Amino acid sequence: MKDCARAWVLSNKQFRMRENVMENDTLKNLEMNPPLDDFTNELLARLAKPLGAGFTPGEAEKAEIRDLYERANNQNLTAPIIALFGRLLEFHENSKGTPADFGITPLELEHLAVKHQLIDEHMVSVGGRLTRALPIAGKANSRVEEYLAAKDQEAPSGIEKWPQIEENIARIKSVLKMTDADWNSFQGQIRNAVDSVATLAKLIDLPEKVLESIARVTKSYRMRLTPYYTSLIMPGAINDPIMLQSVPTGEMIDNAGIEIPPVAADHSPARLIDQFYPRVLTIKATNMCAMYCTHCLRLAHIGRKDEMYSREAYTEALDYIRANDRIRDVLITGGDAFVLPNSILKWLLEQLDGIDHVKMKRLGTRIPVTAPMRVDAELLDILEASNDLKPIRVVTQINTAQEITPVSRDAFRQLSKRTFTVLNQAVLLKGINDSRVKMWKLCETVHESYVRPYYLFNCSYRNPQFAHFRVPLAVGQDLVESMYGNISGDAIPRYIATAGGKIPLHRSNVVGSDGTDWILKKPWSGEEVGYPDADREVYERELFAFKK
Ligand SMILES: *Cc1c(COP(=O)(O)O)cnc(C)c1O
Ligand code: SF4
């Protein structure tokens, strides 16, 4: 009986025995059970405390408690017991009666407390759950209330906006005279790309002054939006996050000043190669993108016209990798890696797979959000074949939930099935994702679309053209920290500055020491907790007892 009483998990037979114990309403039986914990003893003592003389609950209240008591007693469930204790506690706290006033004896309550502990697989007590866990959960819930109330208005995703986007698609297709086949092919999207103010003006209703400003800027900066990406712009929205990312604005010229030379100049040990690290490097395999971002770090590299690179250029880059056996991870980027024709992409991947010391590959591309129709069966087959040899990660850039539509989500779903993983490198951009609601919604929507948030870049200081997009470091730190404990851990990006390599910007959570313990700060509440470190002496002792 003793063993059985201590069993954490009760077998059916044992459980039936417990039920019998509960029916044999004796203190002796109660004593055989595991003792109630302090939380429950406190709760029972609190409820038993008299409230002063002469209080009688009303008939309705009595009936309610009687009903709750019957349920708690008759069902082998935890919830009715919690409900009864919860209501009794409420009545008691509002000076409206003790259990005795409702005709419930202390022994009966204790009995129910024991029953709760026996039913619960993890031996959670009624006092623990009611006075500790539920208030703690309630406090935690309050941290996300504001977000849940605001997220779909303040930061709608392209999935939520899909009906409007479908209307936009119909309008754009008809103005550009695109067939379904045009729309659904990458070539059709590129052939019909929006690269002049005149075309843009036909597709989106913009005030004359704005059009003049865009015309002025596009003399100096390249504009290209796929018709698909254009369809994500919400009509009438001021500072639409899609438009801000793709249509150059007057600030770019007004800001332009002394250019800081691109860091790549210091880090290109071979043709097409950028290398910051001993074991990872990038091949900038094209200067083309399906859409040109207004915040592009590679503004200088992207240049003014599309270029196809020669076989010799690729061969020189590959030769550098072949000759350098420290290199283990190679990123094919650009521009945008998915702009490369399948034949070149396949060849590059085969070349890399043929180099023994290259163990992993990455492909940098925004095309799943700017022209998702590029992700077709042939491309997926090429990726899967190479991924079967050595892992491929697809690294994308999504900066707002509005960029994720049912179409791009489907592209990511397919990519995630056929490659190792899909990662997102977002850029922190003023007005686009610099609020809690926008950033949380971005990370959650990305995550729900088979993509893991990986990096959040602070917008670079090197290109004065987009100084107007920059967000202070402290704001970025607050944003990233606000995600801990409130959204899934694998949806939280690392906050990074690019300055001749990627430098983490996270604030340390180890805020000090009280002489004995470290003091750690919880990112979600600021609460500080003591944390005893490993015992140095134990750590330095000989390793384990398993030695032969
Ligand atoms: C971003 C980048 C890498 C990869 O960095 P990780 O921290 O491994 O993601 C490597 N080389 C260059 C030149 C890069 O810009
Ligand atoms: S997709 Fe990347 S490389 Fe191309 S314009 Fe945008 S930020 Fe620049």
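Computed from a predicted model, the values in this text were never measured in an experiment. Remember, it's 1-based here, ligands and their atoms both numbered in the order they're listed. Residue numbers start at 1 and run along the sequence shown.
- Every atom of ligand 1 with a heavy atom of Y277 under 4.0 Å away is listed here by number and element: 3 (C), 5 (O), 10 (C).
- Residues satisfying the salt bridge (charged side-chain N to carboxylate O under 4.0 Å, His left out) criterion with K502, sequence neighbours excluded, are absent altogether.
- Distance check for H295 against atom 8 (Fe) of ligand 2: none of its N/O/S atoms falls below 2.8 Å.
- The ligand atoms of ligand 1 that sit less than 4.0 angstrom from a heavy atom of Y455 are 6 (P), 7 (O), 9 (O).
- Of all atoms in ligand 1, listed by their number and element, those nearer than 4.0 Å to a heavy atom of V280 are 10 (C).
- Closest to atom 14 (C) of ligand 1 among all protein heavy atoms lies K502 NZ, 3.0 Å.
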For residues 484-491, which side-chain donor-acceptor pairs fall under 3.5 Å, sequence neighbours excluded?
| unit_1 | atom_1 | unit_2 | atom_2 | d |
| --- | --- | --- | --- | --- |
| N486 | OD1 | R143 | NE | 2.8 |
| N486 | OD1 | R143 | NH2 | 3.1 |
| N486 | ND2 | S482 | O | 3.0 |
| D490 | OD1 | H447 | NE2 | 3.1 |
| D490 | OD2 | H447 | NE2 | 3.1 |

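- Less than 4.0 angstrom separates some heavy atom of Y454 from each of these atoms of ligand 1: 6 (P), 7 (O), 8 (O), 9 (O).
- Side-chain contact annotation: T396 with R366, donor-acceptor N/O pair under 3.5 Å absent.
- Comparing L331, I496, T498, T282 by heavy-atom distance to atom 12 (C) of ligand 1, the nearest is T282.
- Ligand 1 has at least one atom lying under 4.0 Å from a heavy atom of R362.
- Among the backbone and side-chain atoms of C289, none of the N, O or S atoms lies under 2.8 Å from atom 6 (Fe) of ligand 2.
- Looking at E316 and R311, no side-chain N of the basic residue comes within less than 4.0 Å of a carboxylate O on the acidic one, giving no salt bridge.
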